[in-house]
Protein chains: 2
Amino acid sequence: MTVSRSTRDKLLDATLRVLAEQGIAKTSARTVAASAGVNQALVFYHFGTVEEMLAAACEQGARQRIEAHRGALSEVATLSDLVDVARRIHEEERAAGYVALLGQLLAGAASHPALAAATASGLRLWVAEVETVLTRLLAATVLGDLVDAPGLARAVSASFVGLELYEGVDPEAAQQAFGALDRLAAVVALLSDLGPLETRALRRKLRQV
Amino acid sequence: MTVSRSTRDKLLDATLRVLAEQGIAKTSARTVAASAGVNQALVFYHFGTVEEMLAAACEQGARQRIEAHRGALSEVATLSDLVDVARRIHEEERAAGYVALLGQLLAGAASHPALAAATASGLRLWVAEVETVLTRLLAATVLGDLVDAPGLARAVSASFVGLELYEGVDPEAAQQAFGALDRLAAVVALLSDLGPLETRALRRKLRQV
DNA sequence: GTCTATAACTAGATAGAC
DNA sequence: GTCTATCTAGTTATAGAC
């Protein structure tokens, strides 16, 4: 559609790029403008402050990434499907650095209140997506009425960010962590696939909680 | 023992304080020195660079915090004990901001390679602790030979950091997440407490993995 | 070990020409 | 909308007095 993007868009893209590649500490009006190939003063013309630019980039970035994965997520039918999809999303996001970027913003939010709000709402977009899938899947299993899907969606999303940040400093350990989660999810997936007899027995037991 | 701490120690403590309270972006030789009540030039006399000071503070901080919790962790006997202890550790760490601090360093590591190494080794201290407890507990349950305790310890540690960062921008959502995990852990704890008949049936089923 | 002073640089932000 | 120029303030780091 648009052959030449607007300066505003170029700046938003560059913000995400610099944030992912160099971290929040090295993200400034100057570095972003340089990466976008535009003049530094335009940051302030278009966004007023650097903080506002970061906030705008955060929301746009989250929206873009979720859009890219929504299709795959909506087709998830079983817990083992979910594991496969999660692994694929992880691979893509690791390459792009977009989730670690959320970590950068989460960290930056400590000193910039306006950024906290934007990051929280960016994360909320992920949470909503995860929550939809989780609710749908859990409803069909023994665990359906035992776990708190909305809360779990938040836990999973935050954990994912932590794991992607971990990947940045210790890739091997992070891989091991993802491997263990894969395996754990496979066990849980199997639990949801018990025969009717075992299911009833387990349900009786779990009712105590 | 030491009535008046050395300048070096004052700087390390101040580094952790500023990092927890203001984030990596606001942590500089000047802010740390001011918080420690010493001259700014002493940062460079004692540590050479700001980055080295951050690295030293990271390792010392991780060591201190783990020391503070080791007793409670070693007394954990069951999975539900672990849930209680984890909740208590979370409350304390949230108040002190020390885990979120690890998140700050993880984020800062993106632009400072030396910091990445220090953060990774600081996290390794937590991982080792979690791994010990997890291995001990899981050995006694159905899950013992099904899950990868070392990998899981890494996943749990990284997730914890993500959750503490989350707490900084959306405390309510983070609380919800912790609540869901509590509940989930209770379910798993119950699984480890099945009668011999159910245990055998479940084990047979899970053997397929 | 600790201080002052300062060099060299980078940051956010604005004024004003075009 | 975009540019140059500039102001102010904060940054790491060092030299040299004490």
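Note: hydrogens, waters and symmetry copies are ignored here, and every other heavy atom, side chains too, is used. In what follows, chains are A, B, ... by sequence order, proteins preceding strands, each numbered from 1.
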Q: Would you give the length of the straight line joining atom CD of Gln64(A) to atom CG of Leu125(A), rounded to the nearest 0.5 angstrom?
A: 12.0 Å

Q.
Quick check against the 3.5 Å criterion: does Arg94(B) have a side-chain atom that pairs as donor or acceptor with the backbone of Glu164(B)?
A. no

**Q.** pair Asp170(A)-Glu172(A): side-chain heavy atoms closer than 4.5 Å
**A.** yes

**Q.** Outermost nucleotides of DNA chain C that come under 4.0 Å of a non-hydrogen atom of chain A
**A.** dA11(C) to dT14(C)

Q) Looking just at side-chain N and O atoms, do Gln22(B) and Thr27(B) make a donor-acceptor pair shorter than 3.5 Å? A) no

**Q.** Within residues 17-30 of chain A: residues closer than 4.0 Å to DNA chain C (heavy atoms)
**A.** Ser28(A), Ala29(A), Arg30(A)

Q) If you measure from CZ on Arg124(B) to CD on Glu129(B), what distance do you get to the nearest 0.5 Å? A) 15.0 Å

Q: Look at the aromatic rings of Phe178(B) and His90(B) and report parallel, tilted or perpendicular, splitting at 30° and 60°.
A: parallel

Q) Given side chains that start at C-beta, do those of Arg87(A) and Asp84(A) come closer than 4.5 Å, heavy atoms only? A) yes

Q: With a 4.0 Å heavy-atom cut-off, tell me which residues in residues 32-44 of chain A come close to DNA chain D, sorted by residue number.
A: Asn39(A), Ala41(A), Leu42(A)

Q) Would you say Leu82(B) and Thr78(B) make side-chain contact, with heavy atoms under 4.5 Å? A) no

Q) Would you call Leu123(A) and Tyr166(B) a side-chain contact if the rule is heavy atoms closer than 4.5 Å? A) yes

Q. Tell me, do Thr31(A) and Lys26(A) make a side-chain contact under 4.5 Å, heavy atoms counted?
A. no

